[in-house]
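Following: one structure in structure tokens, then a few remarks.
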Protein chains: 2
Amino acid sequence: MAAETRERILEAARLTVQDRGYGGLSFRELAAEVGIKSASIHYYFPTKGELGGALASRYTADFAAYLDALLEQELDLPTCMARYTDVFGNTLRNANRICLAASLAAELSELPDEVRIEVARFGRMNENWLARALSAGVAAEPEECRRRARAIFAAVTGAQLIARARGDTALYDEVIASYRASGLLP
Amino acid sequence: MAAETRERILEAARLTVQDRGYGGLSFRELAAEVGIKSASIHYYFPTKGELGGALASRYTADFAAYLDALLEQELDLPTCMARYTDVFGNTLRNANRICLAASLAAELSELPDEVRIEVARFGRMNENWLARALSAGVAAEPEECRRRARAIFAAVTGAQLIARARGDTALYDEVIASYRASGLLP
DNA sequence: CCGTGTCTACCTGACGATAGATAGTCATTG
DNA sequence: CAATGACTATCTATCGTCAGGTAGACACGG
């Protein structure tokens, strides 16, 4: 039970931000969900900015761990990409939530610096991973891989956002299929 | 000066939401920008939800008007698409703002119903327009046009979001170029 | 084995700031 | 005169934050 409360706070905070944004996250509501008092959250995270930073940092780390394990399976490129887009698809299907970084990016000017930095880090991490995955599959030049990686990350993020805005999860899969058909997605 | 204040409120509110999200919009700050008192805004928009709804509705209408005028110019398809992506690019270059609907979509669960409805309407409008533009240029079947239209709208939205998150406007143009190179964008 | 000190993991209670909202007032304009 | 458009003043709710307290666990010197 030691550091478990800290985990539960981070988990609950993540789910809230993915659904309602950084502004929709309040210490009191969060505390009620976890089953403690709001002041206790300050014990673990002195300020909201530190909570947001820890949250985003953790998110990137978890995401990266999953993706790296995926790359080690040495799947063929289309399957690997399908797994990648599935991560975002599952988030969407799971109570209509979007990528934490996308949620935060929309409110960028409202964020403390430490959170903003983490949002950018998440983007770079995805870009790096995608570039690696692409270069392993096709013999394209590094710069072309990087450009394509950015495009894929942006496109997948957008698909998630507009599918949710329309309240239709199936739209995500349809858009991803269209990306594949057009040649954007291997 | 009659209905002019109302316009100034809507304009200022739009800029704020595009930068800081719906939650970042407050009556007091907005009033200060316009040069009136917060109570006076309630005269025009009794609740925040009504302000948000009017704002999003106006945004969609203005956007649609511009796009329809674009279509009437009967440009070739690549040029037409370039004009379309330029709209989002200009928004981004203009003080690092994103599409109003994308900003709102990220906070979807925080929005009053009337605003949520308008966000979905904006998406449908873009999809409809893009489908029309595509069908005028290439002899593709209607359903294929629609799917492609959705994909383009999603991809462009995503490009805007991640370019801002990374704090690099040039990233948007690069991603758009990559969409074109991969075949997603005509 | 007892007492003292320190640490963890919370809690109570309150702070000032700010949020959206409203009732009532008043000057200007047609 | 009556409608319009803005005002003052205030309400209640909620926000992040903080000072300070407490119950229990653990270590250690005598």
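Protein chains get the first letters and strands the later ones, always in sequence-line order, with residue 1 at the start of each. Since the structure is predicted, the reported quantities are computational estimates derived from the model, not experimental observations.
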Show me the donor-acceptor pairs within less than 3.5 Å that the side chains of residues 176-186 of chain B make with the rest of the protein, sequence neighbours left out.
residue: B:Tyr179; atom: OH; partner: A:Ala155; partner atom: N; Å: 3.3
residue: B:Tyr179; atom: OH; partner: B:Ala155; partner atom: O; Å: 2.8
residue: B:Ser182; atom: OG; partner: B:Ser178; partner atom: O; Å: 3.3
residue: B:Ser182; atom: OG; partner: B:Tyr179; partner atom: O; Å: 3.1

Show me the side-chain donor-acceptor pairs of residues 59-66 of chain A shorter than 3.5 Å, one per line, residues at least two apart or across chains.
residue: A:Tyr59; atom: OH; partner: A:Leu100; partner atom: N; Å: 3.4
residue: A:Thr60; atom: OG1; partner: A:Ala56; partner atom: O; Å: 3.1

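The distance from atom CD of A:Glu29 to atom C1' of D:dG16 is 14 Å, rounded to the nearest whole Å. Atom CD1 of B:Ile9 is separated from atom P of C:dG20 by 14 Å (rounded to the nearest Å). Residue B:Lys48 contributes atom NZ, which lies 15 Å from atom P of D:dT14 at whole-angstrom precision. Across the protein-nucleic acid pair, A:Leu51 atom CG and D:dC15 atom C1' stand 15 Å apart, rounded to whole Å. Atom pair A:Glu4:CD and C:dA9:P shows a separation of 11 Å (rounding to whole Å applied). One atom, CD of B:Glu110, and another, P of C:dG20, lie 12 Å apart when rounded to the nearest Å. Residue B:His42 contributes atom NE2, which lies 17 Å from atom P of C:dG24 at whole-angstrom precision. Atom pair B:Ile41:CD1 and D:dT8:P shows a separation of 14 Å (rounding to whole Å applied).
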Item to check | Nucleic acid footprint by protein, nucleotides 25-30 of chain C - heavy-atom cut-off 4.0 Å, B for base, S for sugar-phosphate alone | outcome: ------

Checklist entry - In the 5'-to-3' direction, what one-character label does each nucleotide of nucleotides 19-26 of chain D receive under the scheme B = base within less than 4.0 Å of a protein heavy atom, S = sugar-phosphate only, - = no such atom? => result --------

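OP1 or OP2 of C:dC10 sits under 4.0 Å from a side-chain N or O of A:Thr5. When the side-chain nitrogen and oxygen atoms of B:Lys37 are compared with OP1 and OP2 of D:dC7, none of them lie within a distance under 4.0 Å. At the phosphate of D:dC7, neither OP1 nor OP2 sits under 4.0 Å from any side-chain N or O atom of B:Tyr43. The side chain of B:Ser40 places no N or O atom within less than 4.0 Å of a non-bridging phosphate oxygen (OP1 or OP2) of D:dG5.
Look at B:Glu144 and B:Arg147 and you find a salt bridge, because one of the NZ, NE, NH1 or NH2 atoms lies within 4.0 Å of a carboxylate O, short of that distance. Of the charged side-chain nitrogens involved, at least one lies within less than 4.0 Å of a carboxylate oxygen, so that A:Asp68 and A:Arg132 count as a salt-bridged pair. Between A:Glu11 and A:Arg8 there is no salt bridge, since no side-chain N of the basic residue sits under 4.0 Å from a carboxylate O of the acidic one. Salt bridge annotation for A:Arg20-B:Glu107: absent, with no cationic side-chain nitrogen under 4.0 angstrom from a carboxylate oxygen.
Residues satisfying the ring pair (Phe, Tyr, Trp, His ring centres under 6.0 Å) criterion with B:Tyr84, sequence neighbours excluded, are B:Phe88, B:Trp129.
Side chains of B:Asn126 and B:Arg150: no donor on one and acceptor on the other come within 3.5 Å. Under the 3.5 Å distance criterion, with hydrogens and angles disregarded, no donor-acceptor pair is assigned to the side chains of B:Thr16 and B:Asp19. Neither side chain, A:Arg164 nor A:Gln160, offers a donor N or O lying under 3.5 Å from an acceptor on the other. In the model, B:Asn94 has no side-chain atom that pairs as donor or acceptor with a side-chain atom of B:Thr91 under 3.5 Å.
Proximity of residues 17-28 of chain B to DNA chain D (heavy atom under 4.0 angstrom from any strand atom) is not detected for any residue.
Hydrophobic cluster membership differs between B:Leu104 and B:Ile117, with clusters built from Ile, Leu, Val, Met, Phe, Trp and Tyr side chains linked at under 4.5 angstrom.
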